[in-house]
Amino acid sequence: MAAATVNELLQQLADSLDAFAVSQQQELQAIVERHHSRVAELAQQKAQYLTTVSELDAQLREHPDNKLLQDDPELAEQVSLVKQQLVEVQQQSAVNERVVQSTLNSIEQLKQAILSNAKKDSLTYNAKGKIR
């Protein structure tokens, strides 16, 4: 019965990582399409999934039958798949972070260009036509 509990926890962990990965893809799409409110919503959703993943991981580590995760070939294979899911989630997080950083850099460049043009437009001239 305890092995089923370890198996259930492992399955819940895999399901949570799948849901996290879906949220990451949706987040990337929202970033690219500049749907800022959706990005914020998805970031909150991802934080919830991350909490769930952490809690499930802790439950598995503390489970009295956690040795089965290494000893049972079927469970060991599931653990390997979950670890691969985790690597993929981490890689996608890095991609999303780079896209966000690139977007922020582009916004900053646009802001600087607008401010620079605004300063040029605000020049005043004296009676002789010289810039003050």
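None of the values given here were measured: they were computed from a predicted structure. Numbers for residues simply follow the sequence, beginning at 1.
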Do [X] and [Y] share a hydrophobic cluster (ILVMFWY, side-chain heavy atoms under 4.5 Å, transitive)?
X      : Y      : answer
Val89  : Leu42  : no
Val53  : Leu9   : yes
Leu110 : Leu104 : no

Interatomic distance, CD@Gln44 vs OG@Ser23, rounded to 0.5 Å, equals 11.5 Å
Could you give the distance from CD (Gln90) to CZ (Phe20), rounded to the nearest 0.5 Å?
-> 9.5 Å
With sequence neighbours excluded, give me every side chain to side chain donor-acceptor pair (under 3.5 Å) pair touching residues 24-33.
-> Gln24-Ser93, Gln25-Gln92, Gln26-Arg38, Glu27-Lys46, Glu27-Asn96, Gln29-Glu33
Residues that [X] engages under side-chain hydrogen bond (donor to acceptor under 3.5 Å, both in side chains), provided they are two or more places apart:
X      : value
Gln11  : Asp15
Asn105 : Gln101
Glu108 : Gln112
Asp72  : none

How about Leu10 and Leu69: do any of their side-chain heavy atoms sit closer than 4.5 Å?
-> yes
Do Leu60 and Asn66 pass the side chain to side chain contact (heavy atoms under 4.5 Å, CB included) test, and can you show the C-alpha distance, the side-chain angles, and the key distance before you say yes or no?
-> CA-CA 6 Å; Leu60 280 167; Asn66 71 354; 5.8 Å; no
Side chain of Ser102, backbone of Arg98: donor and acceptor closer than 3.5 Å?
-> no
Taking only residues two or more places apart in sequence or in another chain, which ones pass side chain to side chain contact (heavy atoms under 4.5 Å, CB included) with [X]?
X      : value
Thr103 : Ile31, Arg34, Val99, Ile107
Asp57  : Arg61
Gln109 : none

Pairs of donor and acceptor atoms involving the side chains of residues 78-87, under 3.5 Å and at least two apart or interchain, shall be tabulated with distances.
unit_1: Gln78; atom_1: NE2; unit_2: Asn7; atom_2: OD1; d: 3.3
unit_1: Gln84; atom_1: NE2; unit_2: Glu88; atom_2: OE2; d: 3.2
unit_1: Gln85; atom_1: NE2; unit_2: Ala14; atom_2: O; d: 3.1
unit_1: Gln85; atom_1: NE2; unit_2: Asp18; atom_2: OD1; d: 2.5

